[in-house]
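Quick caveat: nothing in here was measured; it's all calculated off a predicted structure.
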2 protein chains.
Amino acid sequence: MTTTAPLPGVQGPDAQAALRATGLKVTAGRVAVLEALEHAPHVDAEAVLALVRDRLPGTSVQSIHNVLGDLVDAGLVRRFTPARQSARYERRVGDNHHHAVCSSCGRVDDVDCVVGEAPCLHADAPSGFVVAVAEVTFVGICADCLAAAAAEEPAP
Amino acid sequence: MTTTAPLPGVQGPDAQAALRATGLKVTAGRVAVLEALEHAPHVDAEAVLALVRDRLPGTSVQSIHNVLGDLVDAGLVRRFTPARQSARYERRVGDNHHHAVCSSCGRVDDVDCVVGEAPCLHADAPSGFVVAVAEVTFVGICADCLAAAAAEEPAP
DNA sequence: CCTTTTGTTTTGAGCAGATCAAAACATGCT
DNA sequence: AGCATGTTTTGATCTGCTCAAAACAAAAGG
């Protein structure tokens with residue numbers, strides 16, 4: 001059955017167009033991953049898997065890694081690794097935004113760089129080093145964790 | 001035997017002083033790790049283990065992780081995680097220098113930020129987020145890999 | 001419309017880095 | 001020197017990810 005049903009989870013023409021533009025084949029899994037990343041800002045592979053399985057049950061863990069790797073290679077998805085955490089993925093928007101990682105709860109937020117463009121790209125890099133991207137990660141404590149810490153330890 | 005021999009691998013009073021300053025006990029392993037990091041700029045746990053074992057054979061992998069974790073918590077050592085690589089450690093010098101990672105060979109070099117101080121610390125962070133450190137990583141191609149790539153693919 | 005070719009997903013095994021818990025041990029203090 | 005605390009070892013375990021080959025689906029061509 002379902003010989004005529006085209007693809008169970010395909011809904012976004014944006015994702016399909018993006019895939020075609022890069023020369024990758026349009027498959028249900030890839031579209032589902034792209035759409036999942038559309039709604040979830042920066043998630044790890046496990047979260048992507050959970051989101052994808054809502055539409056495509058039976059998707060394997062390895063497939064997620066495979067798809068994510070392909071999308072990263074194709075430039076459709078950006079991968080970054082917060083300190084002490086697993087890799088996270090996001091649809092790249094072209095802007096070079098950075099990330100704020102809470103060292104307490106692990107939460108990740110986007111940060112638009114004040115300079116607007118690429119602030120630190122003109123670093124004093126070793127001679128001959130060609131900078132592709134600058135990964136800027138702000139590590140600190142988010143408001144929630146700060147409040148929680150203050151509540152537990154008001155005045156030492 | 002060796003009841004009078006104090007510590008097999010202790011040689012640096014700097015390391016001992018640093019340990020005492022933070023309240024940690026001065027042990028052979030910790031001193032050896034600190035001294036290893038003194039000479040090796042940014043190495044992963046495996047490399048630290050190899051260096052430490054030169055002086056203290058029989059040191060276990062877990063001890064290295066344990067010691068490195070303690071030193072990081074104490075602020076004597078800085079840990080950072082280049083994309084797609086294992087964690088690397090370095091003695092922190094107080095300056096906020098950053099890193100250039102070659103995406104081809106994985107090599108890591110130090111980069112002094114041109115601004116001198118902390119350039120991106122005043123980001124438009126989420127309200128209430130307190131920035132502790134800014135991890136800036138330049139991802140690109142080092143001179144060697146660039147030359148190697150050019151040699152293989154001169155003109156397509 | 002059906003076949004071929006190419007590429008993708010699954011299946012299954014496996015590795016590296018790191019973490020956790022309890023016992024053996026050394027350090028620092030009295 | 002002896003005790004209490006803290007550290008290292010031992011051993012098991014876990015997560016995240018990678019690799020290889022077989023089953024499968026998508027795009028191209030007849």
Side-chain angles (χ1 to χ4, degrees), chain A residues 1-10 15-16 19-34 43-50 52-53 55-74 79-89 106, chain B residues 1-10 15-16 19-34 43-50 52-53 55-74 79-89 106:
Chain A
M1 72 287 279
T2 71
T3 32
T4 49
L7 281 174
V10 170
Q16 295 195 20
L19 285 171
R20 288 189 190 280
T22 61
L24 281 96
K25 284 191 178 177
V26 178
T27 67
R30 287 176 180 170
V31 174
V33 167
L34 281 175
V43 287
D44 57 14
E46 188 182 352
V48 173
L49 175 63
V52 168
R53 276 187 174 160
R55 310 215 159 147
L56 272 56
T59 304
S60 66
V61 186
Q62 290 84 340
S63 290
I64 291 297
H65 283 287
N66 193 357
V67 167
L68 286 171
D70 290 346
L71 295 179
V72 168
D73 289 343
R79 161 162 45 197
F80 69 99
T81 309
R84 315 289 291 157
Q85 296 188 26
S86 51
R88 300 193 171 226
Y89 301 86
Chain B
M1 76 274 291
T2 70
T3 32
T4 50
L7 281 174
V10 170
Q16 295 195 20
L19 285 171
R20 290 187 191 280
T22 61
L24 283 111
K25 284 191 178 176
V26 177
T27 66
R30 288 176 178 170
V31 173
V33 167
L34 281 175
V43 287
D44 56 14
E46 187 184 350
V48 173
L49 175 62
V52 168
R53 275 188 175 160
R55 309 219 159 144
L56 271 59
T59 305
S60 66
V61 185
Q62 290 83 339
S63 290
I64 292 297
H65 283 287
N66 193 355
V67 168
L68 286 172
D70 290 345
L71 295 179
V72 168
D73 289 343
R79 160 162 46 197
F80 70 100
T81 309
R84 318 289 289 155
Q85 295 188 26
S86 51
R88 299 189 172 230
Y89 301 86

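- In this structure Q62(A) satisfies the side chain to side chain donor-acceptor pair (under 3.5 Å) test with no other residue, sequence neighbours excluded.
- For Q62(B) and G23(A), each mapped to the nucleotide of DNA chain C holding its nearest heavy atom, the one lying further toward the 5' end belongs to G23(A).
- Residue T27(B) has its side chain nearest to dT7(D) when only dG28(C), dT7(D), dG16(D) are considered.
- Atom pair D70(A):CG and dC19(D):P shows a separation of 13 Å (rounding to whole Å applied).
- If you take CD1 of I64(B) and C1' of dT10(D), they are 15 Å apart, rounded to a whole angstrom.
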Could you run through nucleotides 2-7 of chain C and give me one letter per nucleotide, 5' to 3': B if any protein heavy atom sits under 4.0 Å from the base, S if only the sugar-phosphate is that close, - if neither? ----BS
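- Distance, Q16(A) CD to dA27(D) P: 8 Å, rounded to whole Å.
- The shortest distance between the side-chain N/O atoms of R84(A) and the OP1/OP2 oxygens of dA18(C) is not below 4.0 Å.
- Sorted by first and then second residue, the salt bridge (charged side-chain N to carboxylate O under 4.0 Å, His left out) pairs involving residues 56-68 of chain A (not counting sequence neighbours) form an empty list.
- Look at CG on L68(B): it is 14 Å from C1' on dT8(D), rounded to the nearest Å.
- Mapping A87(B) and L24(B) onto DNA chain C by nearest heavy atom places A87(B) at the nucleotide closer to the 5' end.
- Counting non-hydrogen atoms under 4.0 angstrom, N66(A) reaches a base of the nucleic acid.
- For the pair L34(A) CG and dT8(C) P, the computed distance is 14 Å after rounding to whole Å.
- Checked against dG17(C), dG16(D), dT8(D), the side chain of S86(A) finds its nearest nucleotide in dG16(D).
- Counting to the nearest Å, the C1' atom of dT19(C) and the CG atom of D73(B) are 14 Å from each other.
- Minimum atom distance to the side chain of S60(A) is reached by dT11(C), of the listed dG16(D), dT11(C), dT10(D).
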